[in-house]
Each structure stands twice: as structure tokens, then as C-alpha cells.
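Working notes, beginning with the structure itself.
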Amino acid sequence: MERTFIMVKPDGVERRLAGEIIRRFETRGFNLVGLKLVQPDRALAEEHYAVHRERPFFGELVDFITSGPVVAMVWEANEAIKLGRSMIGALKPWEGVPGTIRGDYTTEVQTNLVHGSDAPETAEAEIALWFKPTELL
């Protein structure tokens with residue numbers, strides 16, 4: 001079993017899609033081991049997106065993720081990271097495949113509803129950043 005960090009971003013919460021996103025992971029057979037509604041502060045957002053710190057869009061990412069509440073989750077499944085990312089779909093809406101979360105619900109690159117860890121090391125770091133060990137099953 002592998003764990004991954006999945007986050008419904010502010011646009012997904014605002015559009016009331018958190019329940020649909022959670023349903024998709026549950027239906028697929030993932031096990032939910034951590035969930036919370038969080039209003040990220042700037043420090044948390046900057047640490048989460050630290051890998052992009054030198055990129056020109058870093059400030060926009062931080063502004064966006066702190067613009068409203070997010071639903072932070074930890075899911076467990078076999079190949080959770082690869083499977084989760086395939087369920088999320090392509091970043092660019094015009095590359096989105098119907099049946100994926102982004103393929104079904106996004107129209108813009110910047111507001112793309114959901115984040116998913118891209119590697120085991122990233123998942124471990126993101127889970128530790130967003131959750132205390134006592135908050136996980």
C-alpha cells in the first residue's frame with residue numbers, strides 16, 4: 001500500500017466539487033486516512049510550492065492556494081500516486097481526457113481544482129507538511 005497527498009484547491013471548494021472528488025477516490029477503492037478543511041497561510045503555501053520558488057508563476061500559485069479553503073487529504077491504495085494522478089488528469093484543459101477530474105471540470109490551467117503528489121518522496125513531504133501523525137489513521 002502506498003499513500004498520496006491529494007488537495008481540492010480553492011476553486012474546487014468554491015465550486016462545491018470536493019464531494020465529487022472524494023467520491024471518485026472512494027469509488028476507485030482508495031482508503032481515506034486523513035482529511036481536513038484548511039485555510040492555508042502564506043508560509044504553508046510557500047513551503048508546499050517551494051519547488052517552484054524560482055519560477056515566474058510562484059507568486060500566483062501562492063496567491064491562488066491561499067485565496068480560500070482547501071480540502072487536504074491522504075489516500076492509501078496500491079500505486080496510489082500513479083493512479084491518483086491518472087484520475088486527476090492533465091494540467092492543460094485542452095489535453096484533459098473525459099472521465100478524469102480535470103478533463104470533466106476544468107477550463108483553465110491556473111484554476112485546476114486538485115493537486116496530487118507526483119512521487120513517493122513528494123507524497124511523504126506533503127503529507128508531513130499538511131498533517132501531524134496523530135491526524136492520520
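Positions are given from 1 along the sequence.
Summarising the geometry of A123 relative to T4, their closest heavy-atom pair is CB-CA, 4.1 Å, with the distance given to 0.1 Å. Across every non-hydrogen atom of E46 and R53, the tightest pair is O-NH2, 3.5 Å. When every heavy atom of T66 is checked against every heavy atom of P40, the shortest pair comes out as CG2-O, 3.5 Å. Of all non-hydrogen atoms in R85 and D118, the two that sit nearest each other are CD-CA, 3.5 Å.
When the side chains of ILVMFWY residues are joined at heavy-atom separations under 4.5 Å, either directly or via intervening members, L44 and L37 end up in two distinct hydrophobic clusters. Under the 4.5 Å side-chain contact rule for hydrophobic residues, I21 and F30 share a cluster. Linking ILVMFWY residues whenever their side-chain heavy atoms come closer than 4.5 Å, directly or via other members, leaves W130 and F64 in distinct clusters. Hydrophobic clustering (ILVMFWY, side-chain heavy atoms < 4.5 Å, transitive): I6 and L113 are in one cluster. Both V38 and L61 are assigned to one and the same hydrophobic cluster, defined by single-linkage of ILVMFWY side chains at heavy-atom distances under 4.5 Å.
Under the 3.5 Å distance criterion, the side-chain polar atoms of E135 are matched with a main-chain donor or acceptor of K132. Remark: side-chain polar atoms of S117 are paired, donor with acceptor, to backbone N or O of F5 under 3.5 angstrom. Judged purely by atom type and a 3.5 angstrom limit, R24 has no side-chain atom pairing as donor or acceptor with the backbone of G19. No donor-acceptor distance shorter than 3.5 angstrom exists from the side chain of E47 to the backbone of L129, with no hydrogens or angles considered. A donor-acceptor distance shorter than 3.5 angstrom exists from the side chain of R102 to the backbone of N112, with no hydrogens or angles considered.
Expressed to the nearest 0.5 Å, how far CG of N31 lies from CG of L137 amounts to 7.5 Å. E14 CD to R16 CZ: the interatomic distance, rounded to the nearest 0.5 Å, is 9.5 Å. Taken to the nearest 0.5 Å, the CD atom of E60 stands 13.5 Å off from the CD1 atom of I65. Note that OG of S67 is 10.5 Å distant from NZ of K9, once rounded to the nearest 0.5 Å. Summarising the geometry, atom OG1 belonging to T27 is positioned 11.5 Å from atom CD1 belonging to I22; distances are rounded to the nearest 0.5 Å. Taken to the nearest 0.5 Å, the CG atom of L91 stands 8.5 Å off from the CD atom of Q110.
For the pair V13 and P10, the minimum side-chain heavy-atom distance is 4.5 Å or more. In this structure the side chain of M73 never reaches within 4.5 angstrom of the side chain of F25, judged on heavy atoms. At a threshold of 4.5 Å between non-hydrogen side-chain atoms, the residues W75 and R3 do not count as touching. In this structure, the side chains of E20 and Y105 come closer than 4.5 Å at one or more pairs of heavy atoms. For the pair V109 and P93, the minimum side-chain heavy-atom distance is below 4.5 Å. At least one side-chain heavy atom of D63 sits under 4.5 Å from a side-chain heavy atom of R42. Looking only at side-chain heavy atoms (C-beta outward), L136 and I127 come within less than 4.5 Å of each other. You'll find the side chain of N78 stays beyond 4.5 Å of the side chain of E2, heavy atoms only.
Exactly one residue among H48, R55, E54 makes a side chain to side chain donor-acceptor pair (under 3.5 Å) with H52. That residue is R55.
Taking the ring axis of F131 as reference, the NZ or CZ atom of K36 stays within 45° of it and closer than 6.0 Å to the ring centre.
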Next on the checklist: Let's go through V71 and L35 carefully: what are the C-alpha distance in whole Å and the side-chain angles of both, what is the deciding distance for side-chain contact (heavy atoms from CB on, under 4.5 Å) to 0.1 Å, and is it a yes or a no?
Outcome noted: CA-CA 7 Å; V71 178; L35 178 137; 4.2 Å; yes
